[in-house]
There are 2 protein chains.
Amino acid sequence: MAAKPARSSPASRPERKPFGRNVIAFRSPTLSTQIVTQVRDALFAKELRPGDFLGTEKDLAERFGVSRIVARDALRTLEAQGIVEIKVGSGGGARIAKGNARLFAEALAVQLDLAGVTAAEIMDAQRAIECHAAELAAINATAEDHARLRGLLADAEAKIDDVPAFTRSSHEFHLAVAEASHNRALLVQLISLQHVSWPSQNPTLTPRVARHVLDVHKQLAALIEMRDPAGARRLMDDHVKMITARRVAEHRDKGSAKRDCC
Amino acid sequence: MAAKPARSSPASRPERKPFGRNVIAFRSPTLSTQIVTQVRDALFAKELRPGDFLGTEKDLAERFGVSRIVARDALRTLEAQGIVEIKVGSGGGARIAKGNARLFAEALAVQLDLAGVTAAEIMDAQRAIECHAAELAAINATAEDHARLRGLLADAEAKIDDVPAFTRSSHEFHLAVAEASHNRALLVQLISLQHVSWPSQNPTLTPRVARHVLDVHKQLAALIEMRDPAGARRLMDDHVKMITARRVAEHRDKGSAKRDCC
DNA sequence: AAGATATCAAAGATGATATCTTTCTCCTGC
DNA sequence: GCAGGAGAAAGATATCATCTTTGATATCTT
């Protein structure tokens with residue numbers, strides 16, 4: 001399929017890169033999937049970069065020689081995959097998106113849900129990620145990371161009697177540890193798993209548990225600052241195991257409250 | 001799932017923010033995103049399960065009181081997110097999909113690419129996943145898993161001189177180890193990361209390296225059969241570190257061939 | 001003759017196009 | 001600053017094309 005040049009834009013738009021590569025359509029002979037494939041491949045081939053202007057619906061339709069609906073279908077798919085962002089209004093249109101971990105997290109949540117993965121499995125995977133992140137954080141964390149962790153600890157301490165706020169702060173602390181690992185792949189995966197595993201309410205969080213959690217977090221931050229990777233990993237391992245036990249118990253209770261089996 | 005009967009009388013737009021906070025509104029609440037949200041929420045609420053029939057485009061359009069275009073937009077998005085599968089023809093329509101790890105893997109690949117995550121980061125995350133998977137495999141693997149691993153080892157041995165085939169077989173072995181862990185969350189994440197990290201060609205795979213890889217795989221399978229979690233983890237750790245070194249070197253070479261920085 | 005199989009045509013569903021109105025944004029001209 | 005115009009997506013409607021299932025018919029086999 002040939003991309004038509006279709007020079008219709010007034011001013012010079014150097015962003016208009018034609019996707020010359022003829023890529024084997026996956027197995028779907030629909031026009032919209034061909035467009036999706038071409039754009040995604042152009043992205044992987046670095047012909048397109050985040051922020052690049054892709055064009056309006058009409059532009060794409062003309063460029064690929066298809067109707068506006070087909071371009072629209074392609075944009076819907078690209079948007080759902082987080083590849084493009086679409087703005088309405090004058091000067092709007094489709095642009096290559098910046099990374100959006102949230103979209104990805106939802107994709108993982110959907111897949112895990114569809115596959116019927118249990119809470120125990122998720123927490124176990126999370127443990128693998130978080131332990132590694134803690135270890136790396138003890139190696140790679142910068143002074144800013146240390147400050148960030150200390151700040152979050154102070155924040156949590158102030159909110160220790162407010163269960164929802166403490167839960168959020170705690171959540172942030174775990175994410176901050178992952179960020180301190182300076183490995184974005186780990187971070188993205190943790191975000192995804194937390195999106196599935198982290199409860200909005202935290203029914204078993206008693207003041208006593210909260211105090212214990214905070215103490216562990218403080219120890220963890222200290223180990224990271226002391227650059228003790230093995231210690232940080234070990235502590236995180238125990239910590240996540242404890243969280244897992246509580247989470248699995250909650251899940252079982254919730255399940256048995258609604259229906260018998262789980 | 002509530003269908004909104006309100007056919008769009010242009011003047012009347014009653015609710016502009018019907019969504020709570022835990023639901024993530026993608027953009028301005030377009031009709032199609034509302035449908036997407038409802039379907040996804042129904043999925044999470046277990047009102048919809050894989051295989052359930054969702055309806056045809058026309059069905060959805062009537063049920064939600066919108067035009068076919070809107071229903072189509074929603075289905076495009078749901079399809080891209082792997083939530084539904086769409087078949088054409090009589091008896092066709094949209095059904096809730098079974099889990100599809102490939103879609104998810106592509107989503108991760110896109111996100112990591114957009115975020116500019118380096119090969120080293122990806123391999124490091126992969127190491128965390130694979131080490132944990134190896135450990136769990138040594139605990140949870142069944143006799144079938146053991147047989148599967150042995151079969152793949154024999155397969156790889158037969159193909160040791162055929163670089164692409166050996167690479168594929170090797171790839172399968174790693175996946176089989178993750179499957180033997182019986183943790184689908186780990187498996188899905190590994191699939192995603194491999195989708196990004198595993199090269200189609202394997203330029204640095206010399207016969208000598210292949211032999212070494214096969215030996216390590218054999219040792220690993222043995223440790224899993226012997227139910228030695230710590231040993232399996234340690235071996236996998238070393239193994240992935242070796243792979244990482246090669247992969248990062250390849251990436252650097254490829255990068256410097258095209259452009260200076262990376 | 002009963003059952004299995006092959007073939008063909010109709011129905012149903014998506015794929016795709018064209019054209020239109022509406023609504024939302026940005027930008028420009030006061 | 002503010003109102004209005006222009007650009008662009010959102011949405012609606014109608015229509016045709018293409019693909020697939022499905023059911024009916026016909027033929028072959030037992």
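Just so you know, these numbers use all the heavy atoms, side chains as well, and skip hydrogens, waters and symmetry mates.
For the pair A:R95 and A:E85, the salt-bridge criterion is not met [side-chain N within less than 4.0 Å of a carboxylate O]. With respect to the salt-bridge test (charged N to carboxylate O, under 4.0 angstrom), the residues A:R40 and B:E106 qualify. Salt-bridge formation is not detected for the pair A:E62/A:R68: no Lys NZ or Arg NE/NH1/NH2 atom is positioned less than 4.0 Å from an Asp or Glu carboxylate oxygen. The pair A:R184-A:E179 does not count as a salt bridge, with every side-chain nitrogen at least 4.0 angstrom from each carboxylate oxygen.
Inspection of the A:H171 and A:Q194 side chains reveals an N or O donor paired with an N or O acceptor under 3.5 Å.
Remark: C1' of D:dA9 and CG of A:D59 are 13 Å apart, rounded to the nearest angstrom. In this entry the distance linking CD1 of B:I86 with P of D:dC19 reads 18 Å, nearest Å. If you take CG of A:L75 and P of C:dA16, they are 14 Å apart, rounded to a whole angstrom. Put simply, NZ on B:K87 is 11 Å from P on D:dT20, counting in whole angstrom units. Regarding B:E57, its CD atom lies at a distance of 8 Å from the C1' atom of C:dA13, rounded to whole Å. Taking atom CZ of A:R68 as the reference point, atom P of D:dT13 lies 15 Å away to the nearest angstrom. As rounded to whole Å, 11 Å separates atom P of C:dA13 from atom CZ of B:R95. Rounded to whole angstrom, the span from the NZ atom of B:K58 across to the P atom of C:dA13 amounts to 8 Å.
Pairing each heavy atom of B:L48 with each of B:L43, the nearest pair is O-CD1, 3.6 Å.
Of the listed nucleotides (D:dA8, C:dT14, D:dA12), C:dT14 has the atom at the smallest distance from the side chain of B:R72. For A:R76, counting side-chain heavy atoms from C-beta on, the closest listed nucleotide (D:dT13, C:dT17, D:dA10) is D:dA10. In this structure, the nucleotide among D:dA12, C:dA16, C:dG15 sitting nearest to the side chain of B:V88 is C:dG15.
Remark on DNA chain C: of its neighbouring residues A:G89 and B:G91, the 5'-side contact belongs to B:G91, judged by nearest-heavy-atom nucleotide. Nearest-nucleotide assignment on DNA chain D puts the 5′-proximal partner with A:G93, out of A:G93 and B:V70.
Taking 4.5 Å as the limit, every side-chain heavy atom of A:T77 sits out of range of all side-chain heavy atoms of B:E79.
Taking side-chain N and O atoms only, B:S90 has no distance below 4.0 Å to OP1 or OP2 of C:dG12.
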How would DNA chain D look in dot-bracket form, 5' to 3', counting Watson-Crick and G-U wobble pairs with both distances under 3.5 Å and writing | for bases paired to another strand? ||||||||||||||||||||||||||||||
